[in-house]
Number of protein chains: 2
Amino acid sequence: MAEQVDTLRRAPLSRDRVLRAAVALADETGIESLSMRNLANELGVVPMALYKHVANKDELLAGMIDVIVGEIDPLETDADWKRAVRRRILSAREALLRHPWAPLAIESRNEATPAILDYLNSMVGALRGGGFSTDLAHHVMHAMGSRMLGFSQELFDPTRRAGRSGAAEPPPPPAAFPAEAAAAFPHLAAIAGAAAHDDESVVGPGCDDQFEFEFALDLLLDGIDRLRADGWTSRP
Amino acid sequence: MAEQVDTLRRAPLSRDRVLRAAVALADETGIESLSMRNLANELGVVPMALYKHVANKDELLAGMIDVIVGEIDPLETDADWKRAVRRRILSAREALLRHPWAPLAIESRNEATPAILDYLNSMVGALRGGGFSTDLAHHVMHAMGSRMLGFSQELFDPTRRAGRSGAAEPPPPPAAFPAEAAAAFPHLAAIAGAAAHDDESVVGPGCDDQFEFEFALDLLLDGIDRLRADGWTSRP
DNA sequence: ACGGTAGGTGTACGGCGTACACCTGTCAAG
DNA sequence: CTTGACAGGTGTACGCCGTACACCTACCGT
């Protein structure tokens with residue numbers, strides 16, 4: 001009878017509920033500890049029940065990615081191409097910052113999901129509408145690369161990646177440059193912060209990731225705009 | 001006795017031999033099917049024997065990455081910064097093209113390996129030597145992002161990724177744009193090839209990845225050079 | 001002669017994705 | 001009102017994974 005109550009009380013599963021629960025679980029505990037068993041447990045269900053709603057784990061991941069891509073603001077059509085593209089890319093970045101596991105999940109798939117293709121397609125459309133030739137638009141898409149999807153690399157600041165939104169974030173407080181490494185890689189140390197002016201803690205304030213992202217984005221957009229304005233036509 | 005012969009005949013294991021075998025195996029069968037068991041089997045050894053030479057699988061992966069990074073040509077010191085950086089990045093790209101699993105392996109680690117830090121450190125050194133301020137060098141490193149390590153994104157051309165250097169490469173021949181997708185994503189289809197002029201095979205010649213990589217690289221390097229020449233100092 | 005040690009072995013455990021047979025509640029057709 | 005198909009949750013089981021731990025063995029310096 002208790003079983004009946006449990007069964008009845010719990011909202012019925014659905015593909016959508018499975019995907020949302022998976023995204024939430026990955027946000028909380030990191031993608032590497034998202035298993036079919038954990039997810040099923042979270043939903044109060046037996047692992048195999050999930051397979052009635054997703055074909056396998058790979059398809060689950062694809063669905064999760066599409067949930068995130070769905071959070072990206074649609075393209076504005078009234079503004080000029082540069083403004084519209086810039087805003088949309090920053091919106092994509094915001095979406096991905098909410099789900100730190102997403103970049104890796106996207107990159108480790110070998111097939112783009114429909115939602116991603118749709119996103120990229122509309123981006124090309126914005127470029128074409130802004131006067132870009134098919135060829136130039138093509139090269140621009142490659143040049144923007146993953147930046148188009150809102151993520152740059154955080155090579156220096158390898159926090160995050162896992163999620164763990166919970167309690168203590170700074171157990172390895174800045175942790176990035178442990179002073180022995182500073183000696184071995186002086187240029188990186190200099191870059192990692194104001195450094196050196198204080199021989200106690202070598203670690204500076206780290207980087208302003210948002211600034212770095214926009215710096216690179218604008219560098220690319222300005223260079224791209226120059227090509228377009230110069231009437232770039234074919235491989236020079 | 002046969003066991004003795006086997007034991008004696010086989011070259012003794014070493015960390016180096018383990019790492020090289022792992023790289024070779026990943027090249028051949030793809031990183032996702034590289035397991036401690038497979039690798040041990042390849043070396044004619046029992047799985048646990050590997051743990052006398054690498055601490056665990058994560059450290060194995062780190063070692064494999066360092067093997068690849070070690071294949072990158074050293075930085076030339078005589079040439080001007082732009083030329084030196086460009087050549088080195090293209091050398092990094094060549095190294096990574098030989099090991100298609102490497103980008104994902106690098107990105108999925110949460111700590112950079114010493115060899116990668118060394119590589120990046122020397123790259124910053126080249127910039128500083130070329131007259132870049134610490135700040136500008138910092139931003140430039142972020143702007144170059146993963147391109148610094150020689151890989152761009154192959155979002156449109158999701159072949160590779162696995163390796164399988166063996167026999168038939170074109171079982172899914174071009175496979176990229178299956179004509180139904182072309183209707184849904186017309187801009188991408190236009191970009192993916194000459195397209196449309198022939199209603200039979202929608203797929204064009206695909207992209208020249210090397211050209212795309214250098215296009216983006218030079219776009220960035222030129223933009224960066226302009227900033228440097230303009231005496232870029234701080235956040236504008 | 002002998003103890004230490006480096007390096008290969010065997011067994012075992014817990015976790016993973018998922019194939020497959022099964023049960024159960026719902027609902028439309030007869 | 002019966003029936004039977006079907007959607008959806010269950011239970012068991014298999015083969016793979018990384019790796020802890022105890023062991024054995026050949027070699028080496030003393």
Side-chain angles (χ1 to χ4, degrees), chain A residues 1-22 25-26 28-65 101 104-105 108-111 162, chain B residues 1-22 25-26 28-65 101 104-105 108-111 162:
Chain A
M1 188 186 119
E3 295 164 10
Q4 280 186 352
V5 170
D6 281 0
T7 302
L8 294 178
R9 180 165 302 162
R10 155 182 99 217
L13 245 42
S14 73
R15 179 176 166 88
D16 197 65
R17 237 169 72 76
V18 168
L19 293 183
R20 292 188 184 286
L25 191 55
E28 283 160 26
T29 69
I31 191 81
E32 74 287 339
S33 65
L34 172 72
S35 68
M36 300 302 271
R37 288 166 149 93
N38 283 344
L39 177 56
N41 196 50
E42 195 77 9
L43 287 163
V45 120
V46 92
M48 286 311 293
L50 301 175
Y51 288 84
K52 289 291 188 328
H53 303 279
V54 295
N56 49 48
K57 191 175 183 183
D58 198 64
E59 213 226 34
L60 173 74
L61 252 10
M64 292 169 66
I65 289 171
W101 47 269
L104 206 66
S108 52
R109 288 189 56 76
N110 41 15
E111 301 257 348
Chain B
M1 188 183 118
E3 295 163 9
Q4 280 185 350
V5 171
D6 280 2
T7 303
L8 294 179
R9 178 164 304 162
R10 147 182 105 218
L13 244 43
S14 73
R15 180 176 165 89
D16 198 64
R17 238 169 72 77
V18 169
L19 294 183
R20 293 189 183 284
L25 191 55
E28 283 161 25
T29 69
I31 190 83
E32 73 288 338
S33 66
L34 172 72
S35 68
M36 299 303 272
R37 285 166 152 92
N38 282 344
L39 178 55
N41 196 50
E42 195 77 9
L43 287 161
V45 122
V46 94
M48 286 311 293
L50 302 176
Y51 288 85
K52 289 290 183 346
H53 302 279
V54 295
N56 50 48
K57 189 173 186 184
D58 199 63
E59 213 226 32
L60 173 74
L61 252 9
M64 293 168 66
I65 290 171
W101 47 268
L104 206 66
S108 53
R109 288 190 56 76
N110 40 17
E111 303 257 348

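We name chains A, B, ... by the order of the sequence lines, and we start the count at 1 in each one.
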Tabulate below the donor-acceptor pairs under 3.5 Å that side-chain atoms of residues 37-53 of chain B make, not counting sequence neighbours, or state none.
residue	atom	partner	partner atom	Å
Asn38(B)	ND2	Ser33(B)	O	2.7
Asn38(B)	ND2	Ser35(B)	OG	3.4

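- For Asp16(A), the side chain to side chain donor-acceptor pair (under 3.5 Å) partners are Arg20(A), not counting sequence neighbours.
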Taking only N/O atoms, report every protein-nucleotides 23-25 of chain D pair under 3.5 Å with atom names and distance.
none

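- For the atom pair CG of Leu25(A) and CH2 of Trp101(A), the computed distance is 10.5 Å after rounding to the nearest 0.5 Å.
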Give every pair of a protein N or O atom and an N or O atom of nucleotides 17-21 of chain D that lie under 3.5 Å apart, one pair per line with the distance.
residue	atom	partner	partner atom	Å
dC17(D)	OP1	Ser35(B)	OG	2.9
dG18(D)	OP1	Met36(B)	N	3.4
dG18(D)	OP1	Lys57(B)	NZ	2.8
dG18(D)	OP2	Met36(B)	N	2.9
dG18(D)	N7	Arg37(B)	NH1	2.3
dG18(D)	O6	Arg37(B)	NH2	3.2
dT19(D)	OP2	Tyr51(B)	OH	2.9
dT19(D)	OP2	Lys57(B)	N	2.9

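- Considering only residues two or more places apart in sequence or on other chains, Asp58(A) meets the side chain to side chain donor-acceptor pair (under 3.5 Å) condition with Arg109(A).
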Next item on the list: Just do the side-chain contact (heavy atoms from CB on, under 4.5 Å) check on Met64(A) and Val54(A) with the steps written out, would you?
Entry: CA-CA 11 Å; Met64(A) 292 169 66; Val54(A) 295; over 6 Å; no
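- Rounded to an integer number of Å, the gap from Leu39(A) CG to dG17(C) P is 10 Å.
- Each end of the helix from dA1(C)-dT30(D) to dG30(C)-dC1(D) gets its own axis from five base pairs, and the two axes differ in direction by 10°, given to 10 degrees.
- Put simply, CG on Asn41(B) is 14 Å from C1' on dC16(D), counting in whole angstrom units.
- Taken to the nearest 0.5 Å, the CD1 atom of Ile65(A) stands 7.0 Å off from the OG atom of Ser108(A).
- Contact annotation: His53(B) side-chain N/O to dG8(C) OP1/OP2 distance is under 4.0 Å.
- Between the P atom of dG15(C) and the CD atom of Glu32(A) lies a distance of 16 Å, rounded to the nearest Å.
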Checklist line | Chi angles and distances behind the side-chain contact (heavy atoms from CB on, under 4.5 Å) call for Val18(B), Leu13(B) | finding: CA-CA 7 Å; Val18(B) 169; Leu13(B) 244 43; 4.0 Å; yes
